Amino acid sequence: QPFIHQGILIASASSGRRLYIHHLSDIPLSEVFLTRLGNHVQRIDKHTVKLAGSIALKVNHEEHIAVPSVLLTAQIPTSVFSGPIPGRDQKVLQLFQRGKDANSSRDFSTACACFESAYALSLRAGMLVSAANMWFKLDQPRTAAAIYRYVLSECSLLPTETQMAKRKLAEAQAALGPAEPAELRGAAEEISEQSDGAEAMGMKGSDEPFSDSWAAFSSSAESGGHAGGSHMHQGPSSGRGSADGE
C-alpha cells in the first residue's frame, strides 16, 4: 500500500522492539518482524516486503508526509522494551512531555513522532489519539480520521480519550468533505482482498493490552484480554493524557 493511514504495529522477532509504521518503506531492511497475529513480515530489499513468508508486497516509493516516528523509536534502547516496567514508563513519560512541548512549539511532526513512539513502547491507545490530533494539525485529516476510527472501534480508551476521539473524528470528517470518508477504508479493503487479509497485517485487533513481551501481547490480543501489568494507567494516559496532545 502507498500509505497505511491507520498505521500498523510490528515487533522485531529477535529483539522485541516495536515499531508503529504508516508506510512499507518504514520497515527496516533485512530484519524479521511480527505482526500482532504473529505473521512474519520482512523488508527483503528497497522494493519488496515479504508477508507471512509467501506474499510479496511492492514498496511504492511515493512522497508522503515525513513523520520520524520509526527513527525516534529506533533510538530507544532495546532493553527498555523488555526491561522493568518503571523504566519503560519513565521513557514513555519523557516522550509524552517532549511531544507536548513540540506541539506547543507548533512542531507537529516531531510531536506526532513522540506520541507514536510512546504508543509503540507503552501500547497505550490514548497515545494514538494524541498522534491523530497531530496528523490533523499537519493537514492530514484522512490519516487522522483513520486513526480515530481505529482506536474507537478496536482499542480500550479512557472516557476522556473516547470523547476526544469522537469529537475530533467528526472534525476530520468535516474537513474531508462528503466524498472522502468512504476512502478511509481504502487501504484496509485492498489488503483484505489479498489472500491473508487485513488480519495478516495485524490491522484488526482487540483491546490494546500492556505486556512485558510480544508473545504475551500477541496471546492477549487473540483472546481479547490484557496481558502483563503496568503503572501507566497512573501515568500520561490518565485524565488529560491525550487531551494535552490536542
Side-chain angles (χ1 to χ4, degrees), residues 4 6-23 26-28 31-36 41 67-103 109-135 147 150-151 154-158 161 202 205-221 226-245:
I4 304 166
Q6 70 187 45
I8 292 175
L9 187 68
I10 58 176
S12 169
S14 57
S15 70
R17 180 193 301 278
R18 292 183 291 271
L19 299 175
Y20 182 69
I21 66 169
H22 287 278
H23 198 275
D26 292 334
I27 301 176
E31 189 171 3
V32 177
F33 288 85
L34 299 173
T35 68
R36 288 185 52 171
V41 57
V67 172
S69 302
V70 173
L71 180 63
L72 183 59
T73 309
Q75 295 172 1
I76 302 173
T78 302
S79 59
V80 177
F81 285 85
S82 58
I85 291 172
R88 185 164 67 245
D89 288 355
Q90 182 180 10
K91 183 61 178 179
V92 172
L93 286 168
Q94 292 174 355
L95 288 167
F96 184 72
Q97 184 60 51
R98 182 180 173 185
K100 288 171 59 180
D101 293 342
N103 178 40
S109 178
T110 297
C112 186
C114 288
F115 295 138
E116 290 190 341
S117 295
Y119 168 68
L121 184 56
S122 69
L123 303 179
R124 269 296 294 125
M127 296 296 177
L128 287 184
V129 179
S130 294
N133 293 343
M134 298 304 103
W135 281 107
I147 297 175
Y150 172 72
V151 296
E154 303 288 348
C155 304
S156 291
L157 295 172
L158 296 173
E161 295 167 346
S206 55
D207 295 349
E208 301 292 339
F210 296 107
S211 65
D212 295 326
S213 68
W214 184 256
F217 168 47
S218 298
S219 62
S220 174
H226 292 261
S230 174
H231 303 295
M232 281 305 298
H233 63 285
Q234 299 293 336
S237 293
S238 62
R240 290 180 52 78
S242 58
D244 286 335

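Along the sequence shown, residues are numbered consecutively beginning with 1. Everything numeric in this text was worked out from a predicted model, so none of it was measured.
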Least distance between heavy atoms, [X] atom then [Y] atom:
X	Y	result
A120	T73	CB-CG2, 4.3 Å
R124	S156	NH1-O, 3.5 Å
C112	A131	SG-O, 3.7 Å
L157	G126	CD2-N, 3.9 Å
G99	A111	O-CB, 3.3 Å
R88	L121	CD-O, 3.4 Å

Checklist entry - Does S69 reach the main-chain N or O of S117 with its side chain, forming a donor-acceptor pair under 3.5 Å? => result no
For the atom pair [atom1] ([X]) and [atom2] ([Y]), what is the distance rounded to the nearest 0.5 Å?
X	Y	atom1	atom2	result
L19	F33	CG	CZ	5.0 Å
F115	T110	CZ	OG1	11.0 Å
F96	S130	CZ	OG	5.0 Å
L95	E116	CG	CD	12.0 Å
S109	W135	OG	CH2	7.5 Å
C114	M127	SG	CE	10.5 Å

Should [X] and [Y] count as side-chain neighbours, where that means a heavy-atom distance under 4.5 Å?
X	Y	value
Q75	L72	yes
S15	E31	yes
I147	H22	yes
R17	I76	yes
T78	S12	no
L123	R18	yes
Q97	K100	yes

Item to check | Sole candidate of D26, V41, I21 that passes side chain to side chain contact (heavy atoms under 4.5 Å, CB included) when paired with I8 | outcome: I21
Checklist entry - How far apart are the C-alpha atoms of L128 and Y20, what are their side-chain angles, what is the distance that settles it, and do they pass the side-chain contact (heavy atoms from CB on, under 4.5 Å) test? => result CA-CA 10 Å; L128 287 184; Y20 182 69; 3.6 Å; yes
